[in-house]
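By convention here, the first residue in the shown sequence is residue 1. Predicted, not measured: the structure shown is a model, and the values here were computed from it.
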Amino acid sequence: MTNVMIKVGDESAESYIGALKHVDPSLNILEWPNYGNPDEIDVAMVWKLPHGELRKFPNLKLVISMAAGVDHVLSDPHYPKDIPLVRVTDPHMARSMAHWFIMNILQLHRETAYYNSLRLKKIWASDKAFDTDSICVGIMGLGYLGVHLATMLSNIGLRVQGWSRTSKKLEGIRSFTGDDGLAEMLKATNYLACLLPDTPATKGILDRSLFEKMPKGSFLLNAGRGNQLVEKDLTMALDNGQIKGAALDVFIEEPLPQNHPFWNDHRIIITPHHAAEVFMPSAAKAFVENIERVRSGQPLKGLVNQKVGY
Ligand code: NDP
Ligand code: OXD
């Protein structure tokens with residue numbers, strides 16, 4: 001029997017346990033902190049487990065991040081580095097993430113907030129045409145989610161380019177690497193879509209100097225992680241017109257504090273870190289498959305490279 005310890009942030013794990021047992025009824029799944037004897041835990045499935053907890057399980061064989069991002073695990077200074085870590089790579093999540101970007105790019109392009117304000121005043125203003133050909137989306141992070149996003153944006157007729165750590169060959173999508181490559185991409189990007197993981201190399205990457213490399217009046221969309229954005233630099237760039245509007249799903253502090261200036265800034269679309277959630281009916285199969293793979297010594301799917309941090 002495989003014993004699994006589960007902790008899903010502040011949520012009850014009940015529905016997750018139900019979905020996992022639906023796929024493999026033989027799993028013994030125990031919700032943190034009532035996991036019984038720590039020596040008997042084989043697998044930990046986690047989202048925002050308190051730091052230091054994982055080292056309590058001496059016979060752990062696998063850690064499953066119940067999220068695509070693994071910063072919540074790797075930021076634990078006590079993370080047992082010899083234990084393999086896998087993460088979510090799920091087509092449902094990729095589709096949902098692409099929908100978040102498409103929805104917000106089009107809302108910003110079509111000035112939805114402005115037209116909603118006119119609607120409240122019963123004003124019919126039909127004098128403006130929207131030039132979709134003017135949009136060029138630059139995606140920072142051409143990984144599992146970023147490539148899916150690039151393809152979906154291209155399929156709805158938008159120009160797309162992307163930037164990643166290692167070079168990519170994607171049909172119809174210009175891709176860049178390195179600092180010079182990023183600067184080159186930014187020159188021709190007026191909608192910047194960030195889908196980077198949170199690592200030391202990406203912390204604070206969305207800052208004033210980056211905004212200044214884009215054409216004046218560009219837009220910023222971030223669903224990667226809050227740490228990537230220097231929040232005061234965004235406010236400054238909005239004030240001086242370098243950035244015209246933004247859509248943010250992730251923040252340095254979540255939930256976004258009540259007194260945070262972004263709440264009152266109508267140039268920023270705010271969503272509560274739910275651009276793309278784990279969809280258990282499909283993710284549960286992948287989680288169970290990895291548990292079976294670790295049991296039978298087969299290569300794991302979605303294995304994290306702990307050296308690069310994602
Ligand atoms: P992947 O690991 O598949 O992709 C990460 C991409 O970022 C890769 O293309 C990688 O390059 C690139 N990258 C990493 N570091 C650098 C760097 N220093 N310079 C340039 N490029 C870099 O991750 P996913 O696509 O699955 O997910 C991306 C992130 O999205 C997650 O880590 C998470 O933070 C966020 N996320 C947010 C959600 C939300 O609801 N807001 C939901 C799900 C995910 P390379 O290809 O060369 O390795
Ligand atoms: C994720 C997230 O990384 O939901 O999956 O943020």
### Message
Any non-hydrogen side-chain atom of Ile291 less than 4.5 Å from a side-chain atom of Ile64?
### Response
yes
### Query
Is any NZ, NE, NH1 or NH2 atom of the basic residue among Arg208 and Glu212 found under 4.0 Å from an Asp or Glu carboxylate oxygen of the other?
yes
### Message
Does atom CG (Asn59) have a neighbourhood of more than 12 heavy atoms from anything else shown, all under 6.0 Å?
### Response
yes
### Message
Check this for me: Glu254, atom CD, are more than 12 non-hydrogen atoms of other residues, nucleotides or ligands nearer than 6.0 Å?
### Response
yes
### Query
Tell me, do Leu192 and Met185 make a side-chain contact under 4.5 Å, heavy atoms counted?
yes
#### Entry: Residue among Leu27, Ile29, Asn28 satisfying side-chain contact (heavy atoms from CB on, under 4.5 Å) with Asn3
Asn28
### Task
Measure from the side-chain N and O atoms of Asp249 to the backbone N and O of His273, and report whether any donor-acceptor pair falls under 3.5 Å.
yes
### Task
Can you establish whether the number of heavy atoms outside His22 located under 6.0 Å from its atom NE2 is more than 12?
no
### Query
Hey, are Trp163 and Thr177 close enough side-chain-wise for a donor-acceptor pair under 3.5 Å?
no
### Task
For the pair His109 and Tyr191, name the ring-plane relationship: parallel under 30°, tilted 30 to 60°, perpendicular over 60°.
perpendicular
### Message
So which atom in Ala13 and which in Val8 form the shortest heavy-atom distance, rounded to 0.1 Å?
### Response
CB-CG2, 3.9 Å
### Message
Measuring from atom CD1 of Ile268 to atom CD1 of Ile270, what distance do you get when rounded to the nearest 0.5 angstrom?
### Response
6.0 Å
### Query
Do other residues, nucleotides or ligands put more than 12 heavy atoms under 6.0 Å from the NZ atom of Lys203?
no
## Note on the structure
When rounded to the nearest 0.5 Å, the distance separating SG of Cys194 from CG of Leu206 is 4.5 Å
### Message
Counting only heavy atoms from other residues, nucleotides and ligands, does the tally under 6.0 Å from OH of Tyr115 exceed 12?
### Response
yes
#### Entry: Ionic contact status for Lys7 with Glu53, cut-off 4.0 Å
no
### Message
In the structure I gave you, are the side-chain heavy atoms of Leu170 and Thr151 within less than 4.5 Å of one another anywhere?
### Response
no
### Task
Before accepting this row, confirm whether a basic side-chain N of the pair Arg267/Asp239 lies closer than 4.0 Å to the acidic partner's carboxylate O.
yes
#### Entry: Euclidean distance, Ile173 CD1 relative to Ile139 CD1, rounded to 0.5 Å
7.0 Å
### Task
For residues Val278 and Ala283, report the shortest heavy-atom separation together with the two atoms involved.
CG1-CB, 3.6 Å
### Query
Does any non-hydrogen side-chain atom of Leu210 lie less than 4.5 Å from one of Met140?
yes
### Matching residue for Leu62 among Asp42, Val294, Thr2, Val4 - test: side-chain contact (heavy atoms from CB on, under 4.5 Å)
Val294
### Query
Are Ile269 and Gln107 close enough that some pair of their side-chain heavy atoms sits under 4.5 Å apart?
yes
### Lys232 and its side-chain contact (heavy atoms from CB on, under 4.5 Å) partner, picked from Val230, Thr235, Leu234
Val230
### Point-to-point distance, once rounded to the nearest 0.5 Å, from CE of Met66 to NZ of Lys48
13.5 Å
### Message
With heavy-atom distances below 4.5 Å as the criterion, would you say the side chains of Leu74 and Val304 are in contact?
### Response
yes
### Summary
Between Val137 and Ala193 the two heavy atoms that sit nearest each other are CG1-CB, 4.1 Å
### Task
With the side chain counted from C-beta on, respond yes when Ser75 and His51 share a heavy-atom pair under 4.5 Å apart, and no when they do not.
yes
### Task
Measure the spacing between OG of Ser65 and OH of Tyr310 and express it to the nearest 0.5 Å.
15.5 Å
### More than 12 heavy atoms of other groups within 6.0 Å of Asn305 CG
yes
### Message
Strictly below 4.0 Å, N to O, side chains only: are Arg174 and Glu184 in salt-bridge contact?
### Response
yes
### Nearest atoms (heavy-atom pairs only) where Thr189 meets Pro215
O-CD, 3.1 Å
### Query
Taking atom types as modelled and ignoring hydrogens, do the side chains of Lys168 and Thr166 form a donor-acceptor contact shorter than 3.5 angstrom?
yes
### Task
To the nearest 0.5 Å, tell me how far Lys301 NZ sits from Thr89 OG1.
8.5 Å
### Message
Would you say CZ of Arg293 has more than 12 non-hydrogen atoms from neighbouring residues, nucleotides or ligands within 6.0 angstrom?
### Response
yes
### Query
Hey, quick one: are Ile156 and Leu149 part of the same hydrophobic cluster, counting side-chain heavy atoms closer than 4.5 Å, chains of contacts allowed?
yes
### Query
Do Ser218 and Gln242 have side-chain atoms, one donor and one acceptor, less than 3.5 Å apart?
no
### Any Tyr144 side-chain heavy atom under 4.5 Å of Pro91 side chain
yes
### Task
Please determine if Arg295 and Asp24 form a salt bridge, counting it only when a charged side-chain N lies under 4.0 Å from a carboxylate O.
yes
### Task
Assess whether atom CG of Asn116 is packed by more than 12 heavy atoms of other residues, nucleotides or ligands within 6.0 Å.
yes
